[in-house]
J.: 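Before anything else, here's the structure in question.
Hydrogens, waters and symmetry mates are skipped; everything else that's a heavy atom, side chains included, is used. Labels below follow one simple rule: chain letters A, B, ... track the order of the sequence lines, proteins then strands, and each chain is numbered from 1.
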Amino acid sequence: MCEKLSTIEMLERWEARREIQNIMGRFTNALLLQKKPEWFSKCWTTTHEPCFGINEGWYQGREAVDSYFESKNQNTLLRSKLLQEAFPDHLGDKTDDEIYGVGLLDYKPLSNQIIEVAGDGKTAKGFWYVYGMTEELTKYGPTSYWTFGTFTVDFVLEGDDWKIWHMQYLEDVHSPCGSNWGEAYVEERPVIEGFLPMDDFVPAAPSVPTVLREYYHKYRPFTKTPRLPEPYTTFAETFSYGI
Amino acid sequence: MSKQVYTEDEQMRRVWDCECIKDLMSRRFMYYDNDMRREEINDLWVRKPEHMATASFGRDWGYYVGMDNVIEYYVIDHDSRRREQLNAACKLVPELENDSKNIGFGCMLAHNASTPFVCLAGDGKTAKGMWYSIGQESSLQHDDKTLALWSNNKIAADFVREDGEWKIWHLVISTDIFLDAGEAYSGKPIYYPEGTNPIQCEFGTPTLPMLTHNEVFLWSDDYPPLPQPYYTYSPYIGYGPEGHPNYREVSK
C-alpha cells in the first residue's frame, strides 16, 4: 500500500477507500435496520456476475444472491408475525410494516479493515473482521448468538459508484451468548409451541453447496482466515474472493 | 507541538501515511490471528539494525527489548508451546499425526483492531498509534475441553519509516480483561497467586521486568497513554520502556 504514489494518486485512492468503507458501513447498517431485499439488490454489480459465499456454499449469479436476501426477508416476516401473536398487548394493533423486524438484532461491526485499490482504479478488495451478535427466534424463544467471522469483498467501479462484485461472509463462531463456543451447547429451555413454525423454516439454499469454512470446534485443524488483500494493478493479476 | 504548516502535497502525504499505518496494524492483527508470528516479524517489523536493537514488545509485566529477545519470546517460545499443545492433542485424537502441519490443532485466535488513533510526527519520520482490541483465544486442552478465553486489550505502537515503508518498532499490550467465555466477570479472581495468571505465565520473564499496567485497577494508570501530537521522536515519549513513567526507577 505504501508504494510511491503521486499526490493525485494518493487522493484518488484515499477517496476510493473512504467510499468503500462507507459502502460496507451502509451494508452492515442495513442488516441492522432490517432493510428489504431491494435495498441490498442495489449494492451489487450489474455489469459482472455477482456471488455471495457463506459457510455452507455460494449463491452464484444475480438470481441466487437475490434469493439469499429474499430468504432473510421471509424469515423476518414469519418471525415478526409469530412475535405479534405472542405479544398481542404490545404488538397486536400494529401493521405488518410496523412490526417488520421486531425483536431482531443482526449486529456486524467492522474492524481490522484492510483495503487495496487496484492501480488501474477499476476494482478494489477489502477485508474486515466481525465480532458480531445476532438475535434470532427459535422454537425455544429469542436466542442471542455470538457471530465471529470475516467479510472479504471484491468491488468494481461502475460509472462513479463502487459496487459489490464478490462477497464472502464466513463465520468461525455462531454460538449462544454466554456459553463456551468450543463446547456443545445444551439447550435447557422448553419448546414454545407458538414459535414451532420457526423450526420448519427452510432458508434458500446456496446454488453451489460446499463447505467454504468449517465452524470452530475443538477438533478443527488450525484454519487461517481468508487471504488478505495484496497490492495489485489490474484484477487479472490478483486472486478473487468469488467462486 | 506548535501548529505546523504543510503544503497540500505534504498534507495529502500525511493523510496517506495514516492510512498506511492503520492498514499495517490491521495486517499485524491478522498475522497474529493466523499464527504467522515469524512472518509478522519479517514483514511488518523494523529491519534496520539500529531500530532492531531497540525494538520492544511489552505487556503488563515488562518489555522484551532488542529484536533477538522479541523473537525469542514471541516466536520461538510460542512455537514450543504450540508443539506441546499438539503433543497433548495427539493423545486425545489418536488419528492426528504429530506433524508440524497440524500445529494449532483445536486452536482459534481472533483479535480485532478497532478505534484507531494515529499521530504522525511533525517531521513525518515516525508515528504513534493506539487501538482497542476485543479478542478471544481458544484452544483444546489436555482434559479434552476447550479453553475459550476473552482477551480485551489496549494496544499501542511506535512506527518508523524505513525505505519508504512503515514498520512496527515498539509494541505494548495492556490487558483489561481476560475471562473464560460463559463465565461471569464478577466471578473472576481479583488477584492471582504467583504463577497462576495465564497471560503472565505466557509472557514469561521479560528482558526488563517491571509492572507497566495493573489490570486490577483498569485504566487508572493510563498506560499506555493516548498518543499526543509531537514533532520528532524521542524514546522518552515512545511506547518502549523508556517512555514508561516508572522507567527511571526501574533502571536505577
Side-chain angles (χ1 to χ4, degrees), chain A residues 1-15 17-18 21 109-117 126-132 146 148-150 171-173 175-185 214-231, chain B residues 7-13 15-17 19-20 22-27 29-31 33-36 82 89 92-93 96 101-116 131-136 138-141 144-148 161 164-166 180-184:
Chain A
M1 198 189 142
C2 295
E3 67 269 35
K4 212 157 173 58
L5 300 171
S6 68
T7 302
I8 289 295
E9 284 170 333
M10 280 190 272
L11 177 60
E12 288 172 348
R13 298 245 188 131
W14 181 83
E15 286 184 330
R17 288 169 60 88
R18 184 184 60 183
Q21 189 176 302
L110 303 171
S111 63
N112 268 12
Q113 172 176 288
I114 299 171
I115 297 174
E116 289 289 347
V117 180
F127 174 101
W128 292 265
Y129 194 84
V130 175
Y131 265 116
W146 289 119
F148 306 159
T150 57
E171 290 180 343
D172 284 318
V173 168
S175 183
C177 293
S179 67
N180 180 334
W181 47 75
E183 298 292 323
Y185 178 75
E214 201 181 351
Y215 287 94
Y216 172 76
H217 57 87
K218 62 185 176 182
Y219 299 141
R220 186 180 79 167
F222 190 80
T223 307
K224 290 185 179 176
T225 60
R227 194 169 164 186
L228 303 182
E230 297 153 13
Chain B
T7 66
E8 286 178 352
D9 287 349
E10 288 170 334
Q11 283 181 322
M12 190 61 232
R13 179 80 243 178
V15 166
W16 190 248
D17 281 340
E19 289 294 294
C20 288
K22 286 190 275 187
D23 183 88
L24 171 60
M25 276 305 270
S26 290
R27 288 182 187 277
F29 279 94
M30 298 324 300
Y31 273 70
D33 289 352
N34 286 327
D35 237 15
M36 293 164 61
R82 278 284 188 250
L92 296 168
V93 185
L96 180 65
K101 70 182 181 208
N102 290 320
I103 290 278
F105 182 87
C107 296
M108 173 178 60
L109 306 164
H111 291 260
N112 70 349
S114 74
T115 327
W131 287 257
Y132 200 81
S133 173
I134 293 176
Q136 57 88 5
S138 308
S139 56
L140 174 63
Q141 299 297 292
D144 202 22
K145 297 260 190 293
T146 304
L147 175 64
R161 200 198 297 267
E165 280 201 24
W166 287 102
D180 286 31
E183 300 292 327

J.: Is there a donor-acceptor pair closer than 3.5 Å between any side-chain N or O of A/Asn180 and the backbone N or O of B/Ala181?
T.: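 Looks like no, no N/O pair under 3.5 Å.
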J.: Do the side chains of B/Glu19 and A/Arg13 get nearer than 4.5 Å, heavy atoms only?
T.: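 They are not in side-chain contact.
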J.: Is it the side chain or the backbone of B/Lys101 that comes within 4.5 Å of chain A heavy atoms, both, or neither?
T.: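 B/Lys101 has no heavy atom closer than 4.5 Å to chain A.
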J.: Quick one: salt bridge (Lys or Arg N to Asp or Glu O under 4.0 Å) partners of A/Arg227, sequence neighbours excluded?
T.: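 Here the qualifying residues are A/Glu230.
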J.: Would a 4.5 Å heavy-atom cut-off, applied to side chains only, mark B/Asp144 and A/Lys218 as touching?
T.: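 SC-SC contact between B/Asp144 and A/Lys218 confirmed.
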J.: Taking every non-hydrogen pair under 4.5 Å, which of A/Tyr129, A/Trp128, A/Trp14, A/Tyr131 racks up the most with chain B?
T.: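 If we count pairs closer than 4.5 Å to chain B, A/Tyr131 comes out on top.
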J.: Below 4.5 Å from any heavy atom of chain B, which atoms of A/Ser179 appear? Answer side chain, backbone, both or neither.
T.: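 Interface part for A/Ser179: backbone (N, CA, C, O).
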J.: Count the heavy-atom pairs under 4.5 Å between each of A/Phe127, A/Phe148, A/Trp181 and chain B, then report the option with the highest count.
T.: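 Going by pairs under 4.5 Å, I would pick A/Trp181.
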J.: Ignoring hydrogens and angles, tell me if any N or O in the side chain of A/Gln113 forms a donor-acceptor pair with the backbone of B/Ser26 under 3.5 Å.
T.: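 Absent.
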J.: If you count heavy-atom pairs within less than 4.5 Å of chain A, which of B/Ser114, B/Ser139, B/Ser138 leads?
T.: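 The option with the most such pairs is B/Ser138.
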J.: Against chain A, work out which of B/Leu92, B/Asn112, B/Leu24 has the most heavy-atom pairs shorter than 4.5 Å and name it.
T.: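 Top option by heavy-atom pairs under 4.5 Å: B/Asn112.
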J.: How about A/Tyr219 and B/Leu140: do any of their side-chain heavy atoms sit closer than 4.5 Å?
T.: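 Touching, per the 4.5 Å side-chain cut-off.
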J.: Relative to chain A, which segment of B/Asp180 carries a heavy atom at a distance below 4.5 Å: side chain, backbone, both, or neither?
T.: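 Answer is neither: B/Asp180 stays 4.5 Å or more from chain A.
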J.: Is there a side-chain contact between B/Trp16 and A/Glu9 in this structure, where contact means two heavy atoms from C-beta onward sitting under 4.5 Å apart?
T.: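 No, their side chains stay 4.5 Å or more apart.
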